[in-house]
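Report on the following structure.
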2 protein chains.
Amino acid sequence: MSEITIKYLAEKLNLASSTVSRALNDSHEISDKTKKRVLDLAKSLNFQPNANARSLREQKSKTIGVIVPDRVNNFFNLVIEGLETVCREEGYSLIVYNSYEDVEQEKKIVYSLLGGKVDAIVISLADEEKEVQHLEWLREKNIPVVFFDRVAQNVAGIKYTTNDLESAYHGTKHLLDQGCKKIAFLGLSNTSSVGKARKEGFIKAHNEKGLPYDKTLLIGFGHDDVENQKSLETLFYKISRPDGVLAAAEKLGIATFRALHKLRIKIPYQVKVVSFTNMQFADLLSPSLSTIAQPAFELGSACAKELIKGLKNKDIDLFEDKKIELPSKLTIRESSK
Amino acid sequence: MSEITIKYLAEKLNLASSTVSRALNDSHEISDKTKKRVLDLAKSLNFQPNANARSLREQKSKTIGVIVPDRVNNFFNLVIEGLETVCREEGYSLIVYNSYEDVEQEKKIVYSLLGGKVDAIVISLADEEKEVQHLEWLREKNIPVVFFDRVAQNVAGIKYTTNDLESAYHGTKHLLDQGCKKIAFLGLSNTSSVGKARKEGFIKAHNEKGLPYDKTLLIGFGHDDVENQKSLETLFYKISRPDGVLAAAEKLGIATFRALHKLRIKIPYQVKVVSFTNMQFADLLSPSLSTIAQPAFELGSACAKELIKGLKNKDIDLFEDKKIELPSKLTIRESSK
DNA sequence: AAAAAAATCGGAAACGATTGCACAAGATTG
DNA sequence: CAATCTTGTGCAATCGTTTCCGATTTTTTT
């Protein structure tokens with residue numbers, strides 16, 4: 001039992017606990033001599049002030065809650081990495097939760113965070129339109145929320161996104177330039193502004209070229225990888241199969257690759273593929289994969305910086321609406337040539 | 001400001017705060033009628049008891065600290081996923097830290113966790129031999145530690161590992177069976193029992209076959225990806241290059257692929273490759289990669305189960321030495337045929 | 001040298017929840 | 001019918017920090 005507290009240090013040193021506390025926090029109203037005495041003893045005992053007591057008293061926990069729909073996804077992983085890098089520097093900890101693309105899970109997580117466990121929340125929504133009630137709770141409790149990627153439409157707050165429309169537009173344009181006549185757009189069917197924007201970019205590229213697109217090839221998928229791959233196999237098994245694919249999600253790009261490999265359809269000769277993804281090994285795939293990579297790490301670090309700045313400065317209103325858009329990067333490789 | 005507390009609820013309901021507290025915790029000594037009154041009001045106000053106050057009083061935070069050397073690595077990611085799955089069920093939160101393969105960072109993280117922020121720590125060490133002083137601190141403060149993968153040799157505790165010697169043995173044997181005469185063993189040069197065991201497995205396979213191995217081909221690498229790839233390129237540029245590779249770390253397998261691709265050396269015809277890795281896309285690489293995958297998710301969930309069982313049951317001594325070994329899985333693909 | 005200002009430190013009240021103990025009323029027992 | 005037991009609730013201490021107010025001593029100013 002670690003019964004060693006500030007009070008204990010105080011008794012050992014014949015000081016009041018208030019003095020010890022101030023010394024530990026390097027207050028100016030403590031003499032250098034006593035400061036040294038306190039610090040020395042604290043160091044020698046590996047003393048670390050009780051985090052819960054401090055949090056209770058200060059009414060802040062110095063930790064930030066992060067909620068992502070899919071932790072295994074490379075994009076979210078890199079975002080978290082970016083968040084952590086900044087948070088570490090600023091002395092904040094991160095508690096990461098996985099909503100598994102499920103709004104109900106997300107609600108439960110948020111509810112469990114209403115009791116002061118975190119000072120703020122960074123979130124990418126499981127579904128942007130279904131419910132925002134739990135986000136209202138946070139506002140009531142005065143817990144700031146920063147959104148990224150999948151942001152809430154009708155809730156004010158800081159929102160970091162990427163230029164989904166433009167990047168999808170460029171990706172599609174590239175496929176058209178390579179001679180594709182019949183491109184499939186593969187998206188996730190949850191209602192997300194991200195998916196919509198990417199679809200719009202897809203359509204815009206066609207319109208601009210004066211080429212038609214097949215509405216039946218704007219396909220929405222669920223979150224079951226096996227099922228997704230199956231429906232892709234049936235899609236590509238047809239003689240009138242698409243000759244190009246824009247995958248608006250990493251898992252769909254992968255599923256496309258697997259399906260085409262299985263059917264022995266040659267990429268890029270029979271089907272060209274471009275996929276949104278942040279995977280690290282796109283250059284090592286067979287064939288190497290043309291990607292649209294979101295600036296994930298930067299997104300995370302930017303979020304954290306903005307948020308912590310707001311937490312530190314009382315004058316900044318973190319509930320005010322503010323939108324920042326960062327550019328993704330299209331990298332053309334074998335799969336679309 | 002969320003001024004809504006138990007005391008506030010008590011006043012609203014003309015009850016004592018103790019009664020409200022008991023009602024919220026479903027104590028048997030509160031009548032169903034008052035329980036319902038309390039729960040109803042709490043629900044309608046989205047009340048959630050202050051986590052810091054509770055933690056302070058209870059002397060436990062219901063959160064577990066996780067320290068890994070490299071968060072981006074797929075293996076650690078999956079372990080964390082396994083940890084979280086169990087922790088969520090049991091009502092525990094996870095705070096994940098990245099030591100970036102640096103013992104000093106690791107020490108700092110541990111030190112910052114000495115103040116009751118976490119009830120226990122799950123760790124994979126940055127370096128197993130350099131220092132264990134910070135692990136002693138934890139014992140002094142009575143904070144249980146569970147090790148996984150890179151475990152401490154001289155500190156007692158629960159340790160989860162995988163069968164590194166055997167799996168490296170089988171991987172090497174496979175390469176020898178495929179006709180390799182000159183296999184390089186690529187390891188990380190930090191002192192880890194994992195690396196040593198894998199190297200032993202490598203050697204054992206040679207000995208058993210009565211084949212010699214080249215000691216200069218037992219190579220240790222650092223953590224700089226660019227540098228690693230360079231030295232691999234010089235290795236394979238030589239005429240007398242190896243005809244097989246056993247990579248004992250994911251990043252080294254990747255670096256090998258990149259180096260060989262760059263030098264236009266054909267896998268598997270000129271060099272066969274087997275790599276330890278938990279990447280999801282090994283089957284999609286060019287060529288598909290033969291892998292030894294650790295049971296990462298299972299490792300994480302097993303750790304969490306064991307730990308939480310111990311935290312709940314005072315009779316279990318979490319500081320007692322206990323070793324559990326889980327089997328990895330060798331999957332043979334194109335790169336080694 | 002007296003007055004004012006600064007430098008140090010102590011006492012005690014918070015922060016919000018849990019819990020041992022006390023106590024009242026009603027139910028049960030001999 | 002008195003004595004004992006249950007049941008339901010309130011009081012107050014406690015967890016370990018931080019910080020508002022003073023109080024005392026030392027330094028500076030006039």
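Side chains are part of it too, since the values below use all heavy atoms of this structure and drop only hydrogens, waters and symmetry mates. The sequence lines fix the lettering, A, B, ..., with proteins before strands; numbering per chain opens at 1.
- Annotation for B:Asn154: atom CG does not count as buried by contact number, only 12 or fewer foreign heavy atoms lying within 6.0 Å.
- By the side-chain contact (heavy atoms from CB on, under 4.5 Å) test, B:Val96 pairs with B:Val66, B:Arg71, B:Ile80, sequence neighbours left out.
- The side chain of A:Asn50 sits closest to D:dT17 out of D:dT17, C:dA17, C:dC9.
- Distance B:Gln48 CD to C:dA17 P: 10 Å, rounded to the nearest Å.
- The shortest distance between the side-chain N/O atoms of A:Ser31 and the OP1/OP2 oxygens of C:dA7 is not below 4.0 Å.
- Counting heavy-atom neighbours within 6.0 Å of A:Lys62 NZ, excluding the residue itself, gives a total above 12.
- For the pair B:Thr19 and D:dG10, the criterion of a side-chain N or O lying under 4.0 Å from OP1 or OP2 is met.
- A donor-acceptor contact under 3.5 angstrom links the side-chain atoms of B:Ser18 to the base of D:dC11.
- Atom CG in B:Leu13 sits about 17 Å away from atom P in D:dG8, given to the nearest Å.
- Ring planes of A:Phe148 and A:Phe75: tilted class, angle from 30 to 60°.
- Toward the 5' end of DNA chain D, the nearer of the two residues B:Val20 and B:Leu56, judged by each one's closest nucleotide, is B:Val20.
- Across the protein-nucleic acid pair, A:Asn52 atom CG and D:dT14 atom C1' stand 15 Å apart, rounded to whole Å.
- Across the protein-nucleic acid pair, B:Ile6 atom CD1 and C:dA14 atom P stand 19 Å apart, rounded to whole Å.
- Residue contacts shown for A:Asp32 are absent, as no nucleic acid heavy atom lies under 4.0 Å away.
- For C:dT18, the OP1/OP2 oxygens have a side-chain nitrogen or oxygen of B:Arg54 closer than 4.0 Å.
- Note that B:Lys141 lies outside the cation-pi zone of B:Phe319, set by a 6.0 Å cut-off to the ring centre and a 45° limit from the axis.
- A sub-4.0 Å separation between OP1 or OP2 of D:dT9 and a side-chain N or O of B:Thr34 is present.
- If you measure from atom NZ of B:Lys60 to atom P of D:dT14, you get 21 Å, rounded to the nearest angstrom.
- Checking D:dT17, C:dG16, C:dT19 against every side-chain atom of B:Glu58, the shortest atom distance belongs to C:dT19.
- Taking the centre and axis of the six-membered ring of A:Tyr92, the NZ or CZ atom of A:Lys309 falls outside the cone set by 45° and 6.0 Å.
- For A:Ser21, no side-chain nitrogen or oxygen approaches OP1 or OP2 of D:dT17 to under 4.0 Å.
- Looking at heavy-atom distances under 4.0 Å, B:Phe47 makes contact with sugar-phosphate atoms alone, never a base.
- The side chain of A:Glu29 lies closest to C:dT8, out of D:dG16, C:dT8, C:dG10.
- Mapped onto DNA chain C by nearest heavy atom, B:Arg57 and A:Ala16 fall at different nucleotides, with A:Ala16 at the one closer to the 5' end.
- In this structure, CD of A:Glu3 is placed 13 Å from C1' of D:dG16, rounded to the nearest angstrom.
- Within 4.0 Å (heavy atoms only), A:Gln59 reaches sugar-phosphate atoms of the nucleic acid but no base atom.
- A donor-acceptor contact under 3.5 Å links the side chain of B:Arg22 to the base of D:dG10.
- Rounded to an integer number of Å, the gap from A:Lys117 NZ to C:dG16 P is 17 Å.
- One atom, CG of A:Leu24, and another, C1' of D:dT19, lie 15 Å apart when rounded to the nearest Å.
- Under 4.0 angstrom from either OP1 or OP2 of D:dG10 there lies no side-chain N or O belonging to B:Ser17.
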